[in-house]
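Report on one structure; see the data block that follows.
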Amino acid sequence: MYKETAKLILYGNMSEDTILVQLGEIFRCFDEKTSDKAQLTKEIYSQLKRILEVATDYGFDHNLWHNYLTFLLITNENPFSLTCEKVGANDGTVNAFALNDFRVFRNLFFYDFSVIEKELGIDCFSILSDYKAIGKKEFMYNKNVSEKVQALSMKLSQTTDEHEFFDAVTQFYREYGVGMFGLNKAFRIEERQTDGPVTFRPINNMDKVMLDDLIGYEIQKKKLIDNTEAFVNGKKANNVLLFGDSGTGKSTSIKAIVNEYYDRGLRMIEIYKHQFKDLSRVIAQIKNRNYKFIIYMDDLSFEEFEIEYKFLKAVIEGGVETKPENILIYATSNRRHLIKESWNDRNDMEHTNDLHRSDTMEEKLSLVHRFGVTINYSKPTQKEYFAIVGELARREGIDIPEQELNLKANAWELAHGGISGRTAQQFINHLAGQNN
């Protein structure tokens, strides 16, 4: 195995801690007889455990060795895979190096583990080749990633040579991309300890809500769809602010938009207020990728003493460097003007020794004008609230007479925070739990 991995050129940028690299080193020790059998077996089991952990995280099944190698291929960001993501596989000298690497991977696909298994008295690789995973609920893993990896894995296992292997992998790059952005819909950024690049972490359990699941708010959804449609089609589009009452579906609408347009290259990066200082770094790392990115800010608001709005304003306005066309900011807020306005701000003109306070207030309040599209989500009327409850009950299969349902819904909202779509959903969840 180590002899094969040593031949990799474009895909030879794997870290020393990669499972494949570690297994290669173990097999080298086996061939050169530099370790005893007990030690080799222990080290093999250690790497097999890591493969099982990957399989558990992504819900892999059947041939876990094939799935692991496929996962490596579609998450390896190198000049070749990134170019294929943007323009597909074109004629060029680099294809010769790619074919070399795909020949190596195909050989690894069909690697004969029987020699080392027989010598060490183990059968773990054979078990991995026909593995039946324990079924688990979708929220425990990313089903979207799992299905894509396993489908490509099956396709690669049926190739007859490296040319077919090449075609299958590069087609995947062109259709879905490469690396974590190619596989996942949404991300968060980790806290940085240094001045280095930001680290993106996939959100594996993102709500699978679609726009049709949000009852009502048709005008609001239409505005959001029109802007996003223009964005993913490469046309001019605006940053969007969804503001209004709590529990009206602002955040749900944005999650639904990402789900609706994922297959057309839309991705979302959620960022929190205390991370706004990293916005420029986030943009620098995604501006050249072949995706459309929504930078999502939930429940956006600023107190009088907070200055993070300056980072956001700088990014939206663009300084010397223009904001890339593949990035938009979508934010939700319960406040129309985002920033809490104090009486000190209103009375500032009375203070002749501080003539610039009104300029500060205007700077704060002008932030909302940097969003080209603002969409108001107001709380529903009681009639609309009852309509939402009725539709949710129908979808859940709850059969209660309308009048009785409305009476119960009215009592629920009085005791649980007032009328809103969220209250209606919580009420239906309560009824569904009682019925079950």
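Remember, it's a predicted structure, so these values are computed and weren't measured experimentally. These values consider heavy atoms only, across backbone and side chains, with no hydrogens, waters or symmetry-generated copies.
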Could you tell me whether F60 and Y131 have their ring centroids closer than 6.0 angstrom? no
Do L328 and N238 have side chains that get closer than 4.5 Å, going by heavy atoms? no
Atom pair CG/NE2 of N95 and H163 - distance to nearest 0.5 Å: 10.5 Å
Y176 OH: over 12 foreign heavy atoms closer than 6.0 Å: no
Whether N290 side chain and G177 backbone form a donor-acceptor pair below 3.5 Å: no
Any luck finding a side-chain donor-acceptor pair between S246 and N334 under 3.5 Å? no
Determine whether D207 and T252 make a side-chain contact, defined as any pair of heavy atoms from C-beta on separated by less than 4.5 Å. no
Check whether N227 reaches the backbone of A237 with its side chain - one donor and one acceptor, N or O, closer than 3.5 Å. no
Does the side chain of L266 come within less than 4.5 Å of M268's, by heavy atoms? no
NZ of K49: more than 12 outside heavy atoms within 6.0 angstrom? no
Side-chain H-bond candidate by donor/acceptor type, Y58 with N67, under 3.5 Å: no
Inter-residue atom distance L23.CG - L108.CG, 0.5 Å rounding: 10.0 Å
Taking the side chain as every heavy atom from C-beta outward, state whether L214 and V209 have any pair of such atoms under 4.5 Å apart. no
Using a strict threshold of under 4.0 Å (side-chain N to carboxylate O), is an ion pair present between E77 and R289? yes
Between R174 and K86, the two heavy atoms sitting closest are NH1-O, 2.9 Å
For the residue pair F200 and Q285, what are the closest heavy atoms and their distance? CE1-NE2, 3.6 Å
Ignoring hydrogens and geometry beyond distance, is a side-chain donor-acceptor pair present between S378 and D245 at under 3.5 Å? no
Calculate, to the nearest 0.5 Å, the distance between atoms OG1 and NE2 belonging to T423 and H416 respectively. 9.0 Å
Treating D213 as the side-chain partner and M210 as the backbone partner, does any N or O pair qualify as donor plus acceptor under 3.5 Å? yes
Should the pair K222-E229 be classified as a salt bridge under the 4.0 Å nitrogen-to-oxygen rule? no
Here the gap from S153 atom OG to F109 atom CZ, rounded to the nearest 0.5 Å, amounts to 4.5 Å
Could you tell me whether the side chain of D278 and the main chain of R281 form a donor-acceptor pair under 3.5 Å? no
OG1 of T70 to NZ of K148: how many Å apart, nearest 0.5 Å? 14.5 Å
Please check: side-chain N/O of N184 versus main-chain N/O of P202, any donor-acceptor pairing under 3.5 Å? no
Testing the basics here: between R106 and T159, what is the closest heavy-atom pair and its distance to 0.1 Å? NH2-O, 2.7 Å
Test side chain to side chain contact (heavy atoms under 4.5 Å, CB included) on N410 and Y385 and set out the steps. CA-CA 9 Å; N410 188 58; Y385 171 69; 5.7 Å; no
Tell me if the NZ atom of K221 is crowded by more than 12 foreign heavy atoms within 6.0 Å. yes
Do V21 and T5 come within less than 4.5 Å of each other through their side chains, counting heavy atoms only? no
If you compare all heavy atoms of V178 against all heavy atoms of N76, which two are closest, and at what distance to 0.1 Å? CG2-O, 3.3 Å
Any side-chain donor-acceptor pair under 3.5 Å between Y173 and T83? no
Just checking, is any N or O donor in the side chain of N233 or R264 under 3.5 Å from an acceptor N or O on the other one? yes
When you measure from the side chain of Q275 to the backbone of I189, do you find a donor-acceptor pair of N or O atoms at a distance under 3.5 Å? yes
Ring centres under 6.0 angstrom apart (F231, Y261): no
Relative to each other, are the rings of Y377 and Y217 parallel, tilted or perpendicular (30° and 60° limits)? parallel
Should R50 and D17 count as an ion pair when the cut-off is N to O under 4.0 Å? yes
Please confirm whether the backbone N or O of A409 pairs with a side-chain atom of N406, one donor and one acceptor, at under 3.5 Å? no
Is any side-chain heavy atom of E325 closer than 4.5 Å to one of K236? yes
Please work out whether the ring planes of F165 and F102 are parallel, tilted or perpendicular, with thresholds of 30° and 60°. tilted
Let's go through F97 and F80 carefully: what are the C-alpha distance in whole Å and the side-chain angles of both, what is the deciding distance for ring-ring contact (aromatic ring centres under 6.0 Å, His included) to 0.1 Å, and is it a yes or a no? CA-CA 9 Å; F97 298 127; F80 174 76; over 10 Å; no
I need the S15 OG to Q22 CD distance, nearest 0.5 Å. 8.5 Å
Within the supplied structure, the quantity of interest is the number of heavy atoms (other residues, nucleotides, ligands) at a distance under 6.0 Å from Q403 CD; does it exceed 12? no
If you apply the rule side chain to side chain contact (heavy atoms under 4.5 Å, CB included), what do you find for Y296 with T332, and how did you get there? CA-CA 8 Å; Y296 170 48; T332 68; 4.1 Å; yes
Test log, rule side chain to side chain contact (heavy atoms under 4.5 Å, CB included), inputs K250 and D298: CA-CA 9 Å; K250 301 182 296 294; D298 191 29; over 6 Å; no
Between Q425 and R422, does any side-chain donor sit less than 3.5 Å from a side-chain acceptor? no
Side-chain (R188) to main-chain (I269) donor-acceptor, under 3.5 angstrom: no
Could you tell me whether the side chain of N326 and the main chain of Y291 form a donor-acceptor pair under 3.5 Å? yes
D399, CG: over 12 other non-hydrogen atoms inside 6.0 angstrom: no
Work out which heavy atom in T374 is nearest to a heavy atom in K223; give both atom names and the distance. O-NZ, 4.4 Å
Side chain proximity check, K408 to F427, heavy atoms < 4.5 angstrom: yes
Would you please say whether a donor-acceptor pair under 3.5 Å links the side chains of N259 and K185? yes
Side chain proximity check, E402 to F386, heavy atoms < 4.5 angstrom: no
Should we count CE of M154 as having more than 12 external heavy atoms under 6.0 Å? no
Given side chain to side chain contact (heavy atoms under 4.5 Å, CB included), test Q220 with N376 step by step and report yes or no. CA-CA 7 Å; Q220 291 86 339; N376 181 18; 5.6 Å; no
When every non-hydrogen atom of M180 is compared with those of F187, the smallest separation belongs to O-CZ, 3.3 Å
Indicate yes or no for a side-chain donor-acceptor contact from Y262 to the backbone of A186 under 3.5 Å, with no hydrogens or angles considered. no
